[in-house]
**Student:** 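Please find one structure pasted underneath; my questions will follow.
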Amino acid sequence: MKTLLGINDFVVKFANVNGTGSASANSLFAKAIFRMGIPVSPRNIFPSNIQGLPTWYEVRVSSQGYLGRRGGVDIMVCVNPQSMADDIASVEPGGYFIYDSTKPLAPQLQRDDIHFMGIPFTEMCMREFPTPRLQQLLKNVVYVGAMAALIEIDFSVLKGLLNTQFKGKEKLISSNVHALEMGFRYAREHFDCPLPVRLQQGDNIAPHIREFDHILMSGNTATALGAIYGGATVAAWYPITPSTSVVDAFSKYAERMRIDPGTGKKNFAVVQAEDELAAMGMVIGASWNGARAFTATSGPGLSLMSEFLGLAYFAEVPVVLVDVQRSGPSTGMPTRSQQSDVLAAAYASHGDTKQVLLFPATPRECFDMTVDAFDLADRLQTPVIMMSDLDLGMNDWMSPPLEWDDSRQLDRGKVLDADGLEQMENWGRYKDVDGDGICYRTLPGTHPSKGAYFTRGSSKSEMAVYSERGEDYVQNVDRLLRKFETAKQYVPKPKVKNAPGLTKPASDLKLGAMFFGTSASPSYEAVEMLASEGYPIDTLRIRAFPFHRSLDDFIHAHDLIFVIEQNRDGQMRRLISNECEIPPGKLTAVLNYSGTPITARHIAAEIRETLNAAGGNVIPLHPETA
Amino acid sequence: MKTLLGINDFVVKFANVNGTGSASANSLFAKAIFRMGIPVSPRNIFPSNIQGLPTWYEVRVSSQGYLGRRGGVDIMVCVNPQSMADDIASVEPGGYFIYDSTKPLAPQLQRDDIHFMGIPFTEMCMREFPTPRLQQLLKNVVYVGAMAALIEIDFSVLKGLLNTQFKGKEKLISSNVHALEMGFRYAREHFDCPLPVRLQQGDNIAPHIREFDHILMSGNTATALGAIYGGATVAAWYPITPSTSVVDAFSKYAERMRIDPGTGKKNFAVVQAEDELAAMGMVIGASWNGARAFTATSGPGLSLMSEFLGLAYFAEVPVVLVDVQRSGPSTGMPTRSQQSDVLAAAYASHGDTKQVLLFPATPRECFDMTVDAFDLADRLQTPVIMMSDLDLGMNDWMSPPLEWDDSRQLDRGKVLDADGLEQMENWGRYKDVDGDGICYRTLPGTHPSKGAYFTRGSSKSEMAVYSERGEDYVQNVDRLLRKFETAKQYVPKPKVKNAPGLTKPASDLKLGAMFFGTSASPSYEAVEMLASEGYPIDTLRIRAFPFHRSLDDFIHAHDLIFVIEQNRDGQMRRLISNECEIPPGKLTAVLNYSGTPITARHIAAEIRETLNAAGGNVIPLHPETA
Amino acid sequence: MSFIKPKFRHPRLPTNALGFTVADYDGAISTLCAGCGHDSISAAIRNACFKSALEPHRIAKVSGIGCSSKMPTYFLGRSHGFNSVHGRMPSVATGASLANRNLTYIGVSGDGDTASIGMGQFIHLIRRNVNMTYIVANNGCYGLTKGQDSATADLGSVSKGGAANPFDGIDLASLAVLQGASFVARSFSGDKDQLEPLIRAAMAHDGFAFIDVVSPCVTFNNHAGSTRSYGSTRDHLDAMPVDFVPVREEIRAEYAEGTSHAVTLHDGSVIHLLKADAGYAADDRTGALTAIRSAQQDRRILTGLLFLDPNSRDLNDTLELASRPLNELGKDELCPGSKMLDSINEGLR
Amino acid sequence: MSFIKPKFRHPRLPTNALGFTVADYDGAISTLCAGCGHDSISAAIRNACFKSALEPHRIAKVSGIGCSSKMPTYFLGRSHGFNSVHGRMPSVATGASLANRNLTYIGVSGDGDTASIGMGQFIHLIRRNVNMTYIVANNGCYGLTKGQDSATADLGSVSKGGAANPFDGIDLASLAVLQGASFVARSFSGDKDQLEPLIRAAMAHDGFAFIDVVSPCVTFNNHAGSTRSYGSTRDHLDAMPVDFVPVREEIRAEYAEGTSHAVTLHDGSVIHLLKADAGYAADDRTGALTAIRSAQQDRRILTGLLFLDPNSRDLNDTLELASRPLNELGKDELCPGSKMLDSINEGLR
Ligand SMILES: Cc1ncc(C[n+]2csc(CCOP(=O)(O)OP(=O)(O)O)c2C)c(N)n1
Ligand SMILES: Cc1ncc(C[n+]2csc(CCOP(=O)(O)OP(=O)(O)O)c2C)c(N)n1
Ligand code: SF4
Ligand code: SF4
Ligand SMILES: [Mg+2]
Ligand SMILES: [Mg+2]
């Protein structure tokens, strides 16, 4: 049998039944590894139901700090008989399959090339714990204990985490510790511990992890904090997976940080709307009236908001919309991840529209970009859509700590107060005074006699008077294009990196890769894999639409560019070729749309295949020779 | 002063106030010219209100049968003081301005280079007709009478039309005829009749008009008839300009042609829904249940339907949606025309979607394509969107008569009846038995024990069982792509024409133009203008999306291609470069998005400018030398 | 994921008039939470269809999105079903009903699906009197998205999150009565003796039949603070039992407080009402509204058949549709032919 | 197209407490049809604001789409206005009200805008008790799209197209009462003596104030067959006149059938009710519903203040928002600062 070797480099997957309390045990597992200073990226893969169906928790451990999915499973911990056959099949040759041996394993499920390790979880728990509830719950802790022995998790870290989690409930702490120990002891007694795939503090950890501070948090939590720090006061939303936790977290933080100290009253409003149309209407109404407002939704909500997004675009009302993407179209796979709303968001609504999009790739960026989104929306007087996804939003990610510069001001853009109105001659709501396409706005209630105007989604003159004159219409929508052009200088710039291991691009290096959001981490990893094989690929991580000019430069500087994304139709590739006027042939799509996040292996394989097919045109350039 | 010369080649425009009854007088004018066998194309340019604002009726007379707008006005008949200044400004040098001289014209409005012709319409009507209502209404008929004298409309044709219109209401006929004669006489007495711009039967009329039969009808009426002949039984809609008349006409015809002869009951249902979401839901429900169903809407409705369009795409329910486009985004200019929903329709909804679009250019095609749309939707089990627009839908167009082949069957596609189910082994709703991506559908109530399945917008296996497995999802959406590929062979093919006057393309002719819908007519005209200047341009009229392969061929066969359309962002150009993988640089946008239909002059000017800018690369090839 | 039940049938299971056993009305195994009220409703629907001896394949099931809207998978596996989009089932059902007036339509929705996102469509569905049975599995919360308050949650009820609901709950039954629904009932998912006959009556009713079924969410809304949990529902239950009398049985006519009242349905079948708190006749809207409200003011939920218009005319009749279903019409009935088109052309020359 | 009115003001026009003349409350010249009921409503709103001496710039106007929704352009030219999208004004108004609780909000809508496409939002606006005056200019038809029946059109009313409406009309006032609106009134556009005080009362009310104004469409719905035309409205009018008593005037307390009833508003102002048909107190929902319905059954339209909850708590209060408008908060109140973020980071290590 093949022997897997992996010090701090392996994938563990837990196969559970949802509603059985596995989530907290699983996150205890991941957090302990994180606390040990070893790079870890856990992912929930859960069904669209509440109880009784298969759910998985996939944990990647990576000394190099790769946070994307690697693909494959080295150790499968299976406590769900429903999915057992598939789960066994998914283990890498040489890998480990840990299962509940209370019942014997069906012989037809056996495989010769992996290790089966039975632990009688149910039996052990029936024996040790009094109530069915405890038996059920602590079974999960028992397997964490066993894993602690098998891969050498620092036991004191686990205990420390339990102490914090159950602070004040000593009985719970002791039963949990007992469960941990049961598992630990069983594994020690019955198996060769540790396994060759295991943890080891310090040694081979990448410096950018070892030497810097990190936190473990979900993108949605970071987005919520971004909304707090960005000064959002109105959140209107409608529940939908996977965006719900954005507003949940916003409410939680606001209840803590936005209570008026004098009166105990709230300096924020959260409204659960009756649907997504209403949520967007409330955001528009609040923004029009000068509050910073946002909503969070997912694909179906985005579709429902499209008429209103057209209004906001055309009436020039700031809007911040967080789209935590899931698999579409329609209901699709509501609990699976994709990046498939790119076109729907970029051109949201009928008529000629272009919306500003931001593409965060880490929780830190969720935080920063959400703050930026409010500034951008106000500055540009238009919707700004944060394109997050389930993978980023709902999973915990290792991230540099969030940072805040206390001198940062809220940039409310061109809003005239009473004084400003007094000073400005012949103010007109839609006059392009500064030539950047952005006009001066006024808020209701500002001035007794100046600055009142009518906001509408229909055509108007520069003075905001209703008009059906072709010239007025054209002037207005041309200005909106000019504004979109202006946006390029305000939105976050792409991140360009030269091919790894090569300090400057050699003159004959013409390969590039572009990606965004959760495709970034596995893309970087794939690029490193390919670099070690001799294919040097420069990268550009897209962070916003409209595209910054450096994206054009990147495209022009390369002959063959891979666009890596998680949807069927290569939507970002389309958007690029559209907006940058690029021959689509220059851009090769690398796609995954299975609902589970794209893996580095998949990306590398696809690129390799293209390069091989290109034959003589792309000769691997061995790093030594570069 | 310049003298305009135009036998059967000129533009007359009437400037009215809406709600004053000018519509019927104006259409009497156009219809009379049509009856004389002279090509005419009338257009309403009306405000989004009901009474009291400026409205125009622009009539182009064109011996060559050009039905697009030419641009410019030769004779302006102005009975609306509100818009007079602009109306005067819009007359071509040498043209005629006919106005109500009951009040004298303000001196500052005078121009030296056009003819002013005052007729005291109000005064004449006050004198001749007893009630304000009649004075108001018949004023419109008086100016038609005057025009009859000025441009030589056959008076008996006018009278004949009035006779038909007011059949049985003799008093109305005589007062109308009287009004006509008043105008006629006044003009004869006060002006040199006829003007140099005028009508003349027979002579210089293009053979394709002279020698063939024509009707005058609006696109929306034709679409409605297409729905009747296509076998639509359920129409669910929500009123919105400019699509309302589609369902109005459908109801009218259905009341006439779809009454069960035995019982007097209806073989059709028209439901005015509470909004566009509901309208689309009803269509989906009815289609799912085996009726042919459709809705008609415009941009805002399309936006609101986008979630449901994603459902229909993913659940594979046939839908026929007529989008009569107006100016967007948002409310935009609701009574003005554009072709700006192309991208919103093609990629309607979140997630990866591609919708089938049809682009009719004439009423005849509205009829044919609507019939086709029902067959296509059934055959492909997907939404089919008819992309009409206000200009085509609400104006009367000269068109070849509608034709129906009585042997044509309704193609309901792959629907299994009870026998079919008995015969098919292991039927599965989403099995691609034939390899074309199209599966066998069953209808509720068909068979006591076979063929029942659950339709859903969420992911499923081939057997229609709910599934969140990545493989099932991917297999399904890949099949949908395959189906879209199949669609290419079923949708109407583009119309390709070699450059006019050149029987076969010379080897060094590399110019092409592509367009669709109402941009076609003025594009053909512009191409002829440019041909006469020595620029030979081949044309391709797009009639459907997905694009037929011949579109790729056309693009590859040309070096520089103009894409002519009526929106700001060159949406069709984008769609082409996206879907045909064409370097966008090959496609040059020629755009108009002022809300009034694009003119041949504008197109020619834009192309000329590009060609001039291209300099040495495009040497005009004089027709003689070709 | 759905599991198909084993196909084995016990040979001596009782059969209905059509020879079907109750198992012929089964669906896939439920994936809802153990103990979810919605499963009891599924069972009641299955039993009602069995007892009323409806042909399974002549029933069509429609729903929106939510735990409740998943229910149609779990009953009537021989019927077509359509799990559409959130809140818009009413329009899908309307279209379906227009296409084929001869099927029996069962719509299943949740309180989120109906009272929030679907409110507009729900009211217009009522107004059109579409011939269907519309069941709301009402748990006062959004089960599938993990327990947010819905618009029917009572004022002050406490959701899993811990916050007390600051808004008044929408009472869907009152709303249906006010907006002109021709059949309005309420029941409790745990009370199959009342629920099954109500569902049978609803399916027999010619027009829109609404049943608001209080259906506790064991996972997110079953704790002391919530007023919609099993415990509290049972406490506040003001049962108004209904007994279904199949076609051709004797019709009883007397009706006084505390006794039963026979109402003849459009198809001739009859419902016996037992009036618990009395005070209104079941065909009087104002009375129904007042009774519902007065029970409410006592913090009780009035159940039973709350309103019935025996002269209901459904949408197909209102629109004067022919009796043959639209989806059965072929080219001959639909297509007026070339002669007609010629005459239309003629009018446009 | 809008024409700006000449700016010339007669120097001796009467002024209100703030020194404004009624002309200071004017808007652009109307582009509605001559004689349209909506213009009378615009005038009533203008007059009400003038008489109540509201600062024009402290009022915000919101509307949907329709002839009615154009109205806000034609009054209060010194106020900001927002002509949003069809049927979704309620959500825009809700957001606006949350952002700045200190302005007065006037929402104008049509029966199509509210009772069809906007129905869901309307009901949820009521449920949230957003502090605004919501006026529906109710003409039973879609004016702007040329006269289709709306959902409030009476059963049997004949539209311009000639077909009789086969559906029951939705009564928005009853619906508002049932759904918990804290102020519900009805009036007639041609009856400014009743309408102006109602609007003033509505604006003074702390919470959601709904006024259903029967407002005939002269162009599409003013002929014999329609029951909502000027003529027929006047015929069926069952006037319940309302007189507005400004703050600080005497409060009258007696209330018997046929006499007047003083209700104290939240801000201390008082409304005198004259109960025409009696039978219910204006703070009793069931009574209001019964009265509306019984007038309806006599084919009469009950007008006046139909329901009032003097203890209304608006959305801002329900959500326990601070008294300072959210849109006035600056970085100091909003941004918790870097220390707080450090402590959050700490919890995530
Ligand atoms: C357009 C849209 N918005 C939101 C959602 C997310 N969602 C799914 S089910 C649901 C609520 C379900 O509540 P309810 O109808 O009461 O059903 P329950 O689960 O309580 O039975 C929501 C908000 C969705 N699927 N589609
Ligand atoms: C989404 C959308 N659908 C349809 C329309 C077209 N539309 C404009 S106004 C209107 C109806 C207006 O009726 P109502 O609200 O009663 O106003 P009225 O004109 O009668 O005053 C409709 C359907 C639209 N603007 N937007
Ligand atoms: S979450 Fe609640 S409603 Fe959903 S299945 Fe579980 S118990 Fe039922
Ligand atoms: S159409 Fe009717 S509602 Fe619209 S402005 Fe004219 S009269 Fe008023
Ligand atoms: Mg619920
Ligand atoms: Mg109306």
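Letters A, B, ... mirror the listed sequences (proteins, then strands); counts begin at 1.
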**Student:** Salt bridge between D213(A) and R349(D), side-chain N to carboxylate O under 4.0 Å?
**Tutor:**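 Yes, D213(A) and R349(D) are salt-bridged.
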
**Student:** Cut-off 3.5 Å, side chains only: do T446(A) and H57(D) have a donor facing an acceptor?
**Tutor:**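 No - no donor-acceptor pair under 3.5 Å links their side chains.
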
**Student:** Using non-hydrogen atoms and a 4.5 Å limit, figure out which bit of I123(D) sits close to chain A: side chain, backbone, both or neither.
**Tutor:**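 Neither part, no heavy atoms under 4.5 Å.
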
**Student:** Is it the side chain or the backbone of F34(A) that comes within 4.5 Å of chain D heavy atoms, both, or neither?
**Tutor:**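 For F34(A), the contact with chain D is made by the side chain alone.
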
**Student:** Working to the nearest 0.5 Å, report the span between CG of L321(D) and NZ of K265(A).
**Tutor:**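 Here the interatomic distance stands at 8.5 Å.
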
**Student:** Going from CG on N327(D) to CH2 on W288(A), what distance comes out if it is rounded to the nearest 0.5 angstrom?
**Tutor:**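 With rounding to 0.5 Å, CG (N327(D)) is 11.0 Å from CH2 (W288(A)).
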
**Student:** Could you state the interatomic distance from CD (E274(A)) to OG1 (T94(D)), rounded to the nearest 0.5 Å?
**Tutor:**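 Those atoms lie 7.5 Å apart.
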
**Student:** Chain A contacts: which residues in residues 97-109 of chain D have a non-hydrogen atom closer than 4.5 Å to it?
**Tutor:**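 The residues closer than 4.5 Å to chain A, in numerical order, are L98(D), A99(D), N100(D), L103(D), Y105(D).
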
**Student:** Give me each pair satisfying salt bridge (charged side-chain N to carboxylate O under 4.0 Å, His left out) with a member in residues 58-67 of chain D, each pair once, sequence neighbours excluded.
**Tutor:**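 Every candidate salt bridge (charged side-chain N to carboxylate O under 4.0 Å, His left out) pair involving residues 58-67 of chain D fails, so no pair, neighbours aside, qualifies.
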
**Student:** Identify which part of P325(D) has an atom lying under 4.5 Å from any heavy atom of chain A, answering side chain, backbone, both or neither.
**Tutor:**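 Looking at P325(D), nothing touches chain A.
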
**Student:** Any sub-3.5 Å donor-acceptor pair from R88(D)'s side-chain atoms to L277(A)'s backbone N or O?
**Tutor:**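 No; zero donor-acceptor contacts below 3.5 Å.
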
**Student:** For the CZ atom of F454(A) and the OG1 atom of T73(D), what is their distance to the nearest 0.5 Å?
**Tutor:**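 OG1 of T73(D) is found 4.0 Å from CZ of F454(A).
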
**Student:** With a 4.5 angstrom heavy-atom cut-off, is it the side chain or the backbone of R128(D) that approaches chain A, or both, or neither?
**Tutor:**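 Just its side chain gets close to chain A.
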
**Student:** Using non-hydrogen atoms and a 4.5 Å limit, figure out which bit of I259(A) sits close to chain D: side chain, backbone, both or neither.
**Tutor:**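 The answer is neither part of I259(A).
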
**Student:** Using non-hydrogen atoms only, which part of K31(A) is less than 4.5 Å away from chain D: side chain, backbone, both, or neither?
**Tutor:**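 Just its side chain gets close to chain D.
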
**Student:** At a 4.5 Å cut-off on heavy atoms, which part of R292(A) comes close to chain D: side chain, backbone, both, or neither?
**Tutor:**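 The answer is neither part of R292(A).
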
**Student:** So which part of S218(A) gets closer than 4.5 Å to some heavy atom of chain D, the side chain, the backbone, both or neither?
**Tutor:**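 For S218(A), no heavy atom lies under 4.5 Å from chain D.
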
**Student:** Checking S79(D) against chain A: side chain, backbone, both or neither under 4.5 Å from a heavy atom?
**Tutor:**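 The backbone, not the side chain.
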
**Student:** So what's closer than 4.5 Å to chain A heavy atoms on Q121(D): side chain, backbone, both or neither?
**Tutor:**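 Looking at Q121(D), backbone and side chain both touch chain A.
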
**Student:** Between atom CG of D260(A) and atom CD of E333(D), what is the distance when rounded to the nearest 0.5 Å?
**Tutor:**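 CD of E333(D) is found 8.5 Å from CG of D260(A).
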
**Student:** Specify which of M340(D), R127(D), M89(D), E328(D) makes the most heavy-atom pairs with chain A at under 4.5 Å.
**Tutor:**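 Looking at each option in turn, the highest pair count goes to M340(D).
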
**Student:** Measuring heavy-atom distances to chain A, does L329(D) have an atom under 4.5 Å in its side chain, in its backbone, in both, or in neither?
**Tutor:**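 Contact with chain A is through the side chain of L329(D) alone.
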
**Student:** Side chain, backbone, both or neither: which part of P56(D) has a non-hydrogen atom closer than 4.5 Å to chain A?
**Tutor:**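 No part of P56(D) comes within 4.5 Å of chain A.
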
